[in-house]
2 protein chains.
Amino acid sequence: MASYPTSRPTIYDVAAEAGVSKSLVSLVLNDSDMVSAPKRDAVLAAIERLGYRPSRAATALAAARTRTMGVLIDDYRNPWFVDLLSGIREVVEPAGYLLTVAERRTSSADEALEGFLGSRVDALVVAGELASNHADLGIPTVVVGGRDHDVSGADHIASDEAAGVRLVLGHLSELGHLRIGHVTGRGGSARRRLAAYVDGMADLGDSPRIAGGDQETNEEGGYAGTIQLLDAYPEVTAVFAANDTMALGARAALKEAGRRVPDHASLVGYDDSLLARARFLDLTTVDSRNDEVGLATGRALLRRLAEPSIAPLSVVIAPRLVVRSSTARISAQLA
Amino acid sequence: MASYPTSRPTIYDVAAEAGVSKSLVSLVLNDSDMVSAPKRDAVLAAIERLGYRPSRAATALAAARTRTMGVLIDDYRNPWFVDLLSGIREVVEPAGYLLTVAERRTSSADEALEGFLGSRVDALVVAGELASNHADLGIPTVVVGGRDHDVSGADHIASDEAAGVRLVLGHLSELGHLRIGHVTGRGGSARRRLAAYVDGMADLGDSPRIAGGDQETNEEGGYAGTIQLLDAYPEVTAVFAANDTMALGARAALKEAGRRVPDHASLVGYDDSLLARARFLDLTTVDSRNDEVGLATGRALLRRLAEPSIAPLSVVIAPRLVVRSSTARISAQLA
DNA sequence: GACTCTACTTGGAGCGCTCCAAGTAGAGCT
DNA sequence: AGCTCTACTTGGAGCGCTCCAAGTAGAGTC
């Protein structure tokens, strides 16, 4: 059956086929404008005929440049990175860069990072949390999201989570809610949202009502945390979960407690995930504008590639409140 | 600020540092057993001191082997591939292979595939759909999932979707449901599940009730498809959606139609996603055992790498029904 | 006709590794 | 002491490209 070719055509084969030198082929490949039209056509035709495909390894080795950027995410199952990725791609692809993604979760320690450094990617995006702090990684690096894991010398792009939380609290208080509980969980973004919630409650002149600090930031944790919350603070009229997935769990807990959303309790998530958009949940949430974060990330990448020695840049993107039917004006008997 | 090193240490630097030849360093890197303990230690120490990291490009070029396998998925937002990936990794990582993932969705045409071929991955996994059929790709290839897009000479591993659908129909009919509707959508797996549903209904001696063929396979499509279904076949007592996400939409449509799940209608999804496990949905569904599919894929990959010329292999993995609270015995007044 | 340009084109060196044939040095034997 | 082994070590060639200095040829100039 299939037996695989022992040797693919190289630039020399193309050169011979087209009757030119290998250097000329190289020029065509990098589409230089120093090549005459007829020769260019001859080379392209030869490439076509031979099914030639440049060896990325050879190119990278010779050029000392991979034209590839690595994006390190922490978990494929948490798809917030998808919009980020599109945003980055939109900026860097026209500049001739390819993106490769690696997940931190499955790799022990920071071996995904090691992998990128070994592949000599030209630049790195760290999206999500890193196992440990790192000194300068030796290549242009942009950290997206929290600053928990500083990479020295790296640019930093993030959605303004404190602002997002303020939008949530503002929305709820406008609807008449004051006794707003928060279900938090593990991890950097939960931590940031929690801190902003605490500040925001102080601004509203009320004390914070928090549960779930010992929970995973997932559906299960949202469920358990909400049960804790309702148990400790039965007076809450609104629940703000650290993210949409936790809100999904919260919704189940509220239902079990006999509190209908939104009549007996308002519920807010964070992330504007597909989940939040689903009719069955129809969750009020915060859109982090990860596409915008991605665009800013892409620009930062190109900027630092062009000018490696400028001072680290920090960009904050304003989030957007997305109001759906899981929040409503507090009902008279609850107020 | 940060200015990036002009040249990373090479194998020669390590050799000089350790007082050995570059070849010896290479042997240590590939941990050959032809190296004496003291020299090995000296080399390892030198590597440590210099922060040396082998250049993947140089290694790939010299060895004509990348020790990397490409996995082509179609959409990061549909995380069914995550378990598959773990399964594959579990098998191929011990054999010294790295995995890289690329998404087909954002790349125009099959440029992700082109990317892999250009990077000279040692083997390829095509998970999900390919834009077009391909002749032998020139490297060991395993197709995971449907056979819609045959790659000639490739091995084929799939979850037995027909069996999964039979499990669903068997479960529902055991609960007394006969008028089972199906909400389908676009794409290969929806098509396969639909075909199995049609066959299964024939076996049950009832005619199929189908809607949603014109819908995307997402929440929105599930919602719209279910509305169509209830409109065309108001007599259905159970709805089987092409996947969990569509079932989420279906759930909303059922609710709007005043049919409580599971009392007034049973609902079944497919994929056993995180969504199905969420308490708020608690959806009966089918687990495709994608981890098992991944293990089989990994084994097929290694087998074909070792023995390129054997006849294509085809493996089918038995799925598993996961019963949750979205299905129940048909109530007396509906039966 | 000799000379200068301009517009391409080319060979060579080298990127950082692997792999192989060819060393080298003890140890064991006679 | 000389020889054979075994157990390591080593230099060299080459992987498929890029990049640069150095060609070459035809057109334009005087």
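The sequence lines fix the lettering, A, B, ..., with proteins before strands; numbering per chain opens at 1. Fair warning: this is a prediction, and the values are worked out from it, not measured in the lab.
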Closest to the side chain of B/Tyr12, out of D/dC17, C/dG11, C/dC17, is C/dC17
Using a strict threshold of under 4.0 Å (side-chain N to carboxylate O), is an ion pair present between A/Asp155 and A/Arg304? yes
Testing A/Val35, A/Asn30, A/Ile11 one by one against A/Val25 for a side-chain contact (heavy atoms from CB on, under 4.5 Å), which residue passes? A/Ile11
Taking the side chain as every heavy atom from C-beta outward, state whether B/Tyr52 and B/Asp13 have any pair of such atoms under 4.5 Å apart. no
Is there a side-chain contact between B/Arg120 and A/Arg56 (heavy atoms, below 4.5 Å)? no
Measure the distance from CG on A/Asp33 to P on C/dA7 and round it to the nearest whole Å. 11 Å
Rounded to 10°, the helix from C/dG1-D/dC30 to C/dT30-D/dA1 deviates from straight, judged by its five-pair end axes, by 60°
Are any of A/Ser26's side-chain N or O atoms less than 4.0 Å away from OP1 or OP2 of D/dT18? yes
The side chain of B/Thr59 lies closest to which of these nucleotides: C/dT18, D/dT10, D/dC19? C/dT18
Please determine, for the side chain of B/Thr10, which listed nucleotide (D/dT9, C/dT9, C/dG16) has the closest atom? C/dG16
How long is the line joining CE of A/Met34 and P of D/dG23, in whole Å? 17 Å
Using only heavy-atom distances, decide whether a donor-acceptor pair under 3.5 angstrom links the side-chain of A/Ser21 to the base of C/dG11. no
Can you check whether A/Ser36 has a side-chain N or O nearer than 4.0 Å to OP1 or OP2 of C/dT9? yes
Closest to the side chain of B/Asn30, out of C/dG16, D/dT9, C/dT18, is C/dT18
From the candidates C/dT18, D/dC17, D/dG12, the one with an atom nearest any side-chain atom of B/Ala62 is C/dT18
Could you give the CG-to-P distance, from B/Leu29 to D/dT9, as a whole number of Å? 15 Å
Can you establish whether the number of heavy atoms outside B/Glu93 located under 6.0 Å from its atom CD is more than 12? yes
Drop me the distance from A/Ile139's CD1 to A/Asp122's CG, to the nearest 0.5 angstrom. 8.0 Å
Between atom OG of B/Ser189 and atom CG of B/Asn78, what is the distance when rounded to the nearest 0.5 Å? 8.0 Å
Counting side-chain heavy atoms from C-beta on, which of D/dC8, C/dT18, C/dC17 comes nearest to B/Ala63? C/dT18
Report the distance from atom CZ of A/Arg56 to atom C1' of C/dC15, rounded to the nearest whole Å. 18 Å
Could you give the CG-to-C1' distance, from B/Leu24 to C/dG16, as a whole number of Å? 17 Å
Could you grab the distance from atom OH of A/Tyr97 to atom CZ of A/Arg65, nearest 0.5 Å is fine? 6.5 Å
Per A/Ile11 side chain, nearest of listed nucleotides C/dG16, C/dC17, D/dC17: D/dC17
Closest listed nucleotide, where the reference is the side chain of A/Lys22 and the choices are C/dT10, C/dA13, D/dG11: C/dA13
Roughly, in whole Å, what's the span from CG in B/Leu61 to C1' in D/dC15? 4 Å
Nearest-nucleotide wise, let me know which of B/Ala37 and B/Arg120 is further upstream toward the 5' end of DNA chain D. B/Ala37
In this structure, how many angstroms lie between the P atom of C/dC15 and the CG atom of A/Asp122, rounded? 18 Å
So if I take every side-chain heavy atom of B/Arg65 and compare against C/dC19, C/dC17, D/dT9, which nucleotide ends up nearest? C/dC19
Separation of atom CG in B/Leu27 from atom C1' in D/dA7, rounded to whole Å: 13 Å
